[in-house]
Amino acid sequence: MKIIAMIPARYGATRFPGKLMADLGGKPVIVRTYMATLATGLFDEVYVVTDSEIIKEVVEKAGGKAIMSLKEHECGSDRIAEAVENLDIDIVVNVQGDEPFVKKEPLEEVIKVFEGEDADKIDLASLMQEITDWKDITDPNYVKVIVDKDDFALYFSRSPIPYPRDKEAGARYFEHIGVYAFRKQAIMDFYHLPMRALEATEKVECIRYLEYGKKIKMVETSYMGIEIDTPEDLEKAAKFIKD
């Protein structure tokens with residue numbers, strides 16, 4: 001299988017504009033993410049795909065590979081789909097541009113499902129981690145996922161799912177981690193299929209796959225990265241490097 005990584009990198013960000021170009025220990029966040037992804041050794045190629053000449057230039061100056069998006073896109077999956085449409089690949093892994101400390105192990109786990117016993121049923125795979133703090137469970141910024149007995153996703157929501165009508169039933173709660181491994185056909189289908197009501201309501205892009213009958217294999221991880229969403233996150237990441 002030919003497996004590549006794509007790092008979607010939009011310059012604008014609602015909560016922290018320009019965050020991918022913010023300095024983190026002497027390098028821009030996006031460069032650290034690219035280097036960390038490359039260092040896993042899991043991929044035939046690693047690319048940053050961006051709408052910004054500034055980001056493209058800084059990645060290439062650091063020795064990386066970058067592709068310019070030709071269009072405006074609603075989400076990272078659309079940006080990746082445009083970039084891979086004419087590439088001869090089997091699996092593309094979406095690594096978030098604001099995850100400068102991405103590790104090999106969770107990426108390796110999400111790729112390995114395409115060699116497992118139920119691989120022929122899988123259109124894409126993603127990560128989830130257990131959350132136990134009720135504050136996080138009820139926080140709409142944490143996207144929750146529920147799965148069936150074989151760890152295929154049933155639904156994603158910003159609301160607490162399952163609803164705890166019986167708190168003694170022993171339900172576990174999982175946060176969806178936005179790392180995806182797609183079969184090429186799955187992401188191209190996503191690109192050409194229109195958004196439906198559930199995705200539009202929740203503003204969670206992976207719901208589109210479920211609405212069109214795609215199978216998403218979820219992999220449990222204990223990986224706790226530092227996602228750069230706010231200036232406070234950047235300070236936390238800088239302290240992590242320093243320490």
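Every value quoted in this text rests on a predicted model; they were computed, and no experiment measured them. Just the heavy atoms: all of them, side chains too, but no hydrogens, waters or symmetry mates, feed the values below.
Leu124 is not listed as a side-chain neighbour of Ile187, based on a closest heavy-atom distance of 4.5 Å or more. Side chains of Ile241 and Phe101 form a contact here, defined as non-hydrogen atoms less than 4.5 Å apart. In this structure, Met6 and Leu87 have side chains that are in contact, with non-hydrogen atoms separated by less than 4.5 Å. When side chains are defined from C-beta on, Ile122 counts as touching Phe152, because their heavy atoms get closer than 4.5 Å. Looking only at side-chain heavy atoms (C-beta outward), Val46 and Ile4 stay at 4.5 Å or farther from each other. Within the 4.5 Å cutoff, the side chain of Glu82 has heavy atoms near those of the Tyr191 side chain. Residues Ile228 and Glu99 fail the side-chain proximity criterion, which asks for heavy atoms closer than 4.5 Å. Between Phe114 and Met1 there is a side-chain heavy-atom pair separated by less than 4.5 Å.
In this structure, Ala186 and Asp123 approach most closely via the heavy-atom pair CB-O, 3.4 Å. Summarising the geometry of Lys103 relative to Thr40, their closest heavy-atom pair is C-CG2, 4.2 Å, with the distance given to 0.1 Å. The heavy-atom pair separating Gln96 from Gly178 by the smallest distance is NE2-O, 2.6 Å. Here the closest heavy-atom approach between residue Ile55 and residue Ala9 is recorded as CD1-O, 3.8 Å. The shortest heavy-atom contact between Ala171 and Pro162 is CB-CG, 3.8 Å. When all heavy atoms of Ser69 and Arg79 are compared, the closest pair comes out as OG-CG, 2.9 Å.
Rounded to the nearest 0.5 Å, atoms CG (Leu20) and OH (Tyr34) are 15.5 Å apart. The CD atom of Glu175 sits 11.5 Å away from atom CG of Asp133, with the distance rounded to the nearest 0.5 Å. Rounded to the nearest 0.5 angstrom, Leu107 CG and Leu127 CG are separated by 7.5 Å. From Gln129, atom CD reaches atom CZ of Phe174 across 10.0 Å, with rounding to the nearest 0.5 Å.
The environment of CD in Glu108 is crowded: more than 12 heavy-atom neighbours from other residues, nucleotides or ligands sit within 6.0 Å. Dense packing is recorded around NZ of Lys184, with more than 12 heavy atoms of other residues, nucleotides or ligands lying under 6.0 Å away. Sparse packing is recorded around CG of Asp88, with 12 or fewer heavy atoms of other residues, nucleotides or ligands lying under 6.0 Å away. Under a cut-off of 6.0 angstrom, the local environment of CE in Met35 is sparse, with at most 12 non-hydrogen atoms contributed by other residues, nucleotides or ligands.
When Leu24, Thr50, Ile7, Asp98 are each tested for a side-chain contact (heavy atoms from CB on, under 4.5 Å) with Ile30, only one passes: Ile7. When each of Ile146, Val143, Ile177, Val147 is paired with Met128, the side-chain contact (heavy atoms from CB on, under 4.5 Å) condition holds for Val147 and for no other.
No side-chain donor-acceptor contact under 3.5 Å links Asn94 to the backbone of Ala181. Checking side-chain atoms of Arg32 against main-chain N and O of Gly25 turns up a donor-acceptor pair under 3.5 Å. Side-chain atoms of Arg158 come within 3.5 Å of backbone atoms of Glu202 as a donor-acceptor pair (strictly under, hydrogens ignored).
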Worksheet item: side chain to side chain contact (heavy atoms under 4.5 Å, CB included) between Val29 and Leu234: does it pass, once the steps are laid out?
Response: CA-CA 9 Å; Val29 169; Leu234 186 66; 4.0 Å; yes

Practice prompt. Take Glu85 and Met188 through the test side chain to side chain contact (heavy atoms under 4.5 Å, CB included) and record every step on the way to the result.
Written response: CA-CA 7 Å; Glu85 189 164 15; Met188 295 315 303; 3.5 Å; yes

Practice prompt. Carefully, step by step, assess Trp134 and Asp139 under the rule side chain to side chain contact (heavy atoms under 4.5 Å, CB included).
Written response: CA-CA 8 Å; Trp134 192 246; Asp139 186 339; over 6 Å; no

Item to complete: Begin with the C-alpha distance, continue with both residues' side-chain angles, and end with the deciding distance and a verdict on salt bridge (Lys or Arg N to Asp or Glu O under 4.0 Å) for Glu45 and Lys65.
Response: CA-CA 9 Å; Glu45 301 281 357; Lys65 297 180 179 181; 2.5 Å; yes

Discussion item. Using side chain to side chain contact (heavy atoms under 4.5 Å, CB included), reason through Tyr142 and Lys135 one step at a time and then give a plain yes or no.
Written reply: CA-CA 10 Å; Tyr142 285 73; Lys135 179 176 176 289; over 6 Å; no

Worksheet item: Does the pair Glu57 and Lys61 meet the rule for a salt bridge (Lys or Arg N to Asp or Glu O under 4.0 Å), with working shown?
Response: CA-CA 6 Å; Glu57 183 178 331; Lys61 189 175 179 181; over 6 Å; no

Practice prompt. Check the pair Lys112 / Glu115 against salt bridge (Lys or Arg N to Asp or Glu O under 4.0 Å), numbers first and verdict last.
Written response: CA-CA 5 Å; Lys112 274 168 50 177; Glu115 300 171 351; over 6 Å; no

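Using a 4.0 Å cut-off between charged side-chain N and carboxylate O, Glu60 and Lys56 make a salt bridge.
Residues Tyr11 and Met68 fall into different hydrophobic clusters, defined by Ile, Leu, Val, Met, Phe, Trp and Tyr side chains chained together at heavy-atom separations under 4.5 Å. Val145 and Ile137 are members of different hydrophobic clusters when ILVMFWY side chains are connected at heavy-atom separations under 4.5 Å. At a threshold of 4.5 Å between side-chain heavy atoms, the hydrophobic network of Ile, Leu, Val, Met, Phe, Trp and Tyr places Ile131 and Ile161 in two separate groups. Under the 4.5 Å side-chain heavy-atom criterion for grouping Ile, Leu, Val, Met, Phe, Trp and Tyr, Phe240 is connected to Val31 within one hydrophobic cluster. Taken together through direct or relayed side-chain contacts under 4.5 Å among Ile, Leu, Val, Met, Phe, Trp and Tyr, Leu38 and Ile3 form part of one hydrophobic cluster.
Evaluation of the side-chain contact (heavy atoms from CB on, under 4.5 Å) rule for Ser159 yields Ser157 as partners, not counting sequence neighbours.
Ring pair Tyr180/His176 is perpendicular by interplanar angle, where above 60° counts as perpendicular and below 30° as parallel.
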Can you give each donor-acceptor pair under 3.5 Å made by side-chain atoms of residues 203-221, sequence neighbours left out, with the distance rounded to 0.1 Å?
residue: Lys203; atom: NZ; partner: Ala200; partner atom: O; Å: 2.5
residue: Glu205; atom: OE2; partner: Ser77; partner atom: OG; Å: 2.4
residue: Arg208; atom: NE; partner: Glu199; partner atom: OE1; Å: 2.7
residue: Arg208; atom: NH1; partner: Phe190; partner atom: O; Å: 3.0
residue: Arg208; atom: NH1; partner: Leu193; partner atom: O; Å: 3.1
residue: Arg208; atom: NH2; partner: Glu199; partner atom: OE1; Å: 3.4
residue: Arg208; atom: NH2; partner: Glu199; partner atom: OE2; Å: 3.1
residue: Glu211; atom: OE1; partner: Glu199; partner atom: N; Å: 3.2
residue: Tyr212; atom: OH; partner: Pro194; partner atom: O; Å: 2.8
residue: Lys214; atom: NZ; partner: Asp189; partner atom: OD2; Å: 2.6
residue: Lys217; atom: NZ; partner: Asp118; partner atom: OD2; Å: 2.7
residue: Lys217; atom: NZ; partner: Asp150; partner atom: O; Å: 2.7
residue: Glu220; atom: OE2; partner: Arg172; partner atom: NH2; Å: 2.9
residue: Thr221; atom: OG1; partner: Tyr223; partner atom: N; Å: 3.0

